[in-house]
Amino acid sequence: MTDGIQYWAVIPAAGIGRRMGADIPKQYLELSGKTVLEHTLDALYSRPELAGLVLVVDDQPVVKDIVRRYTQRKLILARGGKERCHSVLNGLQALHSHARPDDWVLVHDAARPCVRFSDLGYLLESVSNSASGGLLGLPVCDTMKRADADGRISATVDRAGLWRAFTPQMFRFGPLEAALHQALDDGFEVTDEASAMEHAGHCPLLVEGHADNIKITRPEDLPLAEYFLAQQGRL
Ligand code: CTP
Ligand code: MG
């Protein structure tokens with residue numbers, strides 16, 4: 001918004017949803033008549049700050065129908081990769097002709113449709129003023145245990161300073177792409193964008209969001225997501 005810096009989103013939506021165990025990938029399951037993916041797109045597009053969005057998808061017939069409904073802002077399509085990080089890199093690749101290295105990119109899981117409008121705003125505001133980018137997360141509230149190989153407790157882990165990492169994860173386009181490439185070249189396991197940035201020596205900012213930003217993973221998450229969407233007045 002300032003100095004011509006633009007904001008983009010990359011939505012990895014090319015997973016198979018193994019843990020959900022449905023006939024179709026979980027992002028195409030419906031919550032009150034709309035797919036999980038559409039709820040996620042609606043959440044992102046609700047923010048006027050975003051210049052456009054890259055949707056990373058496999059070749060699914062349903063994608064054409066969905067894309068047709070989102071004409072109000074730039075929507076770029078990219079192909080999925082083997083792991084989530086490869087999908088994200090394909091999404092970043094597709095941004096090259098649109099974004100500049102200093103632009104911000106918000107990577108957000110298609111499987112997180114319930115992210116709040118206000119949490120997105122809080123992330124945009126907090127991270128725009130930070131050097132290293134950042135992500136939504138939440139301090140853990142349960143007591144943490146470390147298990148041994150037999151499933152017995154080997155230690156109670158100090159909870160102080162432990163956070164759950166959510167998405168969106170927001171980084172500058174150039175440094176994010178470089179960090180992901182470097183991590184893959186080094187054989188480092190990339191669990192999220194922040195881990196790649198940490199590997200490259202950055203210290204991303206943790207921005208406190210809300211627990212309703214669930215990642216739909218198993219069947220029991222579907223009614224929960226529906227409930228959270230209803231609570232937000234989005235159904
Ligand atoms: N994803 C992706 N490309 C992959 C793997 C995952 O774009 N190769 C996306 C998923 O579509 C999802 C997000 O990354 O929106 C988070 O991944 P996850 O929740 O693990 O989804 P799946 O990999 O589909 O589920 P599972 O691990 O149970 O198979
Ligand atoms: Mg997965």
Side-chain angles (χ1 to χ4, degrees), residues 8-31 34-45 50 52-67 70 75-95 105-116 119-120 123 135-138 163-171 176-177 179-181 183-184 187-197 209 211-226 228-229:
W8 303 89
V10 169
I11 310 287
I16 57 166
R18 186 183 45 80
R19 286 168 289 183
M20 180 61 69
D23 301 340
I24 52 172
K26 60 191 180 184
Q27 55 274 26
Y28 303 116
L29 296 174
E30 289 197 357
L31 297 174
K34 216 193 269 182
T35 61
V36 168
L37 176 58
E38 287 168 292
H39 285 293
T40 303
L41 292 174
D42 289 344
L44 269 298
Y45 274 134
L50 286 192
L53 185 149
V54 184
L55 181 57
V56 188
V57 278
D58 282 330
D59 207 9
Q60 299 265 353
V62 60
V63 170
K64 275 205 189 75
D65 292 336
I66 293 175
V67 167
Y70 293 86
L75 196 156
I76 304 152
L77 289 179
R79 274 295 165 91
K82 185 164 173 283
E83 308 281 343
R84 181 182 175 283
C85 59
H86 302 112
S87 293
V88 171
L89 268 174
N90 290 352
L92 294 176
Q93 178 68 33
L95 261 186
V105 179
L106 283 77
V107 180
H108 184 62
D109 293 327
R112 294 184 189 270
C114 304
V115 62
R116 295 185 190 191
D119 282 356
L120 289 170
L123 177 76
L135 60 149
L136 283 180
L138 200 61
W163 283 59
R164 298 159 61 197
F166 300 159
T167 71
Q169 304 208 348
M170 172 173 164
F171 298 101
L176 175 60
E177 193 175 37
L180 284 168
H181 279 301
L184 289 179
F188 177 78
E189 195 191 342
V190 179
T191 53
D192 62 354
E193 290 64 52
S195 66
M197 293 298 282
D212 48 11
N213 187 8
I214 58 168
K215 186 169 77 165
I216 295 178
T217 304
R218 297 186 173 81
E220 61 267 31
D221 296 328
L222 291 166
L224 203 53
E226 217 156 33
F228 289 140
L229 290 172

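When a ligand or atom number is given, it counts from 1 through the structure's own listing order.
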Under the side-chain hydrogen bond (donor to acceptor under 3.5 Å, both in side chains) test against Asp109, which residue among Gln27, Arg84, Lys215, Gln169 passes?
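Checked Gln27, Arg84, Lys215, Gln169 against Asp109; only one passes side-chain hydrogen bond (donor to acceptor under 3.5 Å, both in side chains): Arg84.
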[X]-ligand 1 polar pair, N/O distance under 3.5 Å:
X     : answer
Gly17 : yes
Val56 : no
Arg18 : yes

Worked check of side-chain contact (heavy atoms from CB on, under 4.5 Å) between Leu229 and Leu31:
CA-CA 9 Å; Leu229 290 172; Leu31 297 174; 3.8 Å; yes
Less than 4.5 Å apart, side chain to side chain, heavy atoms only: is that true for [X] and [Y]?
X      : Y      : value
Leu135 : Glu193 : no
Trp8   : Leu95  : yes
Val88  : Leu92  : yes
Asp119 : Asn213 : no

Please list, in number order, the atoms of ligand 1 under 4.0 Å from a heavy atom of [X].
X      : answer
Ser87  : 2 (C), 3 (N), 4 (C), 7 (O), 8 (N)
Lys82  : 8 (N)
Lys215 : 18 (P), 19 (O), 20 (O)
Ala111 : 15 (O)

Check each of Val36, Leu41, Thr35, Asp42 against Pro113 using the side chain to side chain contact (heavy atoms under 4.5 Å, CB included) test, and report the only one that passes.
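Going through Val36, Leu41, Thr35, Asp42 one by one, the side chain to side chain contact (heavy atoms under 4.5 Å, CB included) with Pro113 is satisfied by Val36 alone.
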Consider side chain to side chain contact (heavy atoms under 4.5 Å, CB included). Of Leu106, Val105, Val107, Leu120, which one does Met170 pass it with?
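Testing each of Leu106, Val105, Val107, Leu120 against Met170, the sole residue satisfying side chain to side chain contact (heavy atoms under 4.5 Å, CB included) is Leu106.
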What do you reckon, does [X] put a non-hydrogen atom under 4.0 Å from ligand 1?
X     : result
Ala13 : yes
Ile16 : yes
Gly81 : yes

Nearest-neighbour protein heavy atom for [atom], which is reported as residue plus atom name and distance:
atom                    : result
atom 20 (O) of ligand 1 : Arg19 NH2, 3.1 Å
atom 6 (C) of ligand 1  : Gly15 CA, 3.6 Å
atom 12 (C) of ligand 1 : Pro12 O, 3.7 Å
atom 7 (O) of ligand 1  : Ala14 N, 2.8 Å
atom 13 (C) of ligand 1 : Asp109 OD1, 3.4 Å

Please check if atom CD in Glu30 has more than 12 non-hydrogen atoms from other residues, nucleotides or ligands closer than 6.0 Å.
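Yes, because the 6.0 Å sphere around CD of Glu30 holds more than 12 heavy atoms from other groups.
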Would you call Arg116-Asp212 a salt bridge at under 4.0 Å N-O?
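Answer for the salt bridge query: yes.
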Of His108, Gln27, Arg84, which has the heavy atom at the shortest distance from atom 14 (O) of ligand 1?
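Result: the heavy atom closest to atom 14 (O) of ligand 1 is in Arg84.
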Heavy-atom contacts under 4.0 Å between Lys26 and ligand 1: side chain, backbone, both, or neither?
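Just the side chain.
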Side chains of Ser87 and Asn90: any donor to acceptor distance under 3.5 Å?
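Side-chain D/A pair, Asn90 to Ser87: absent.
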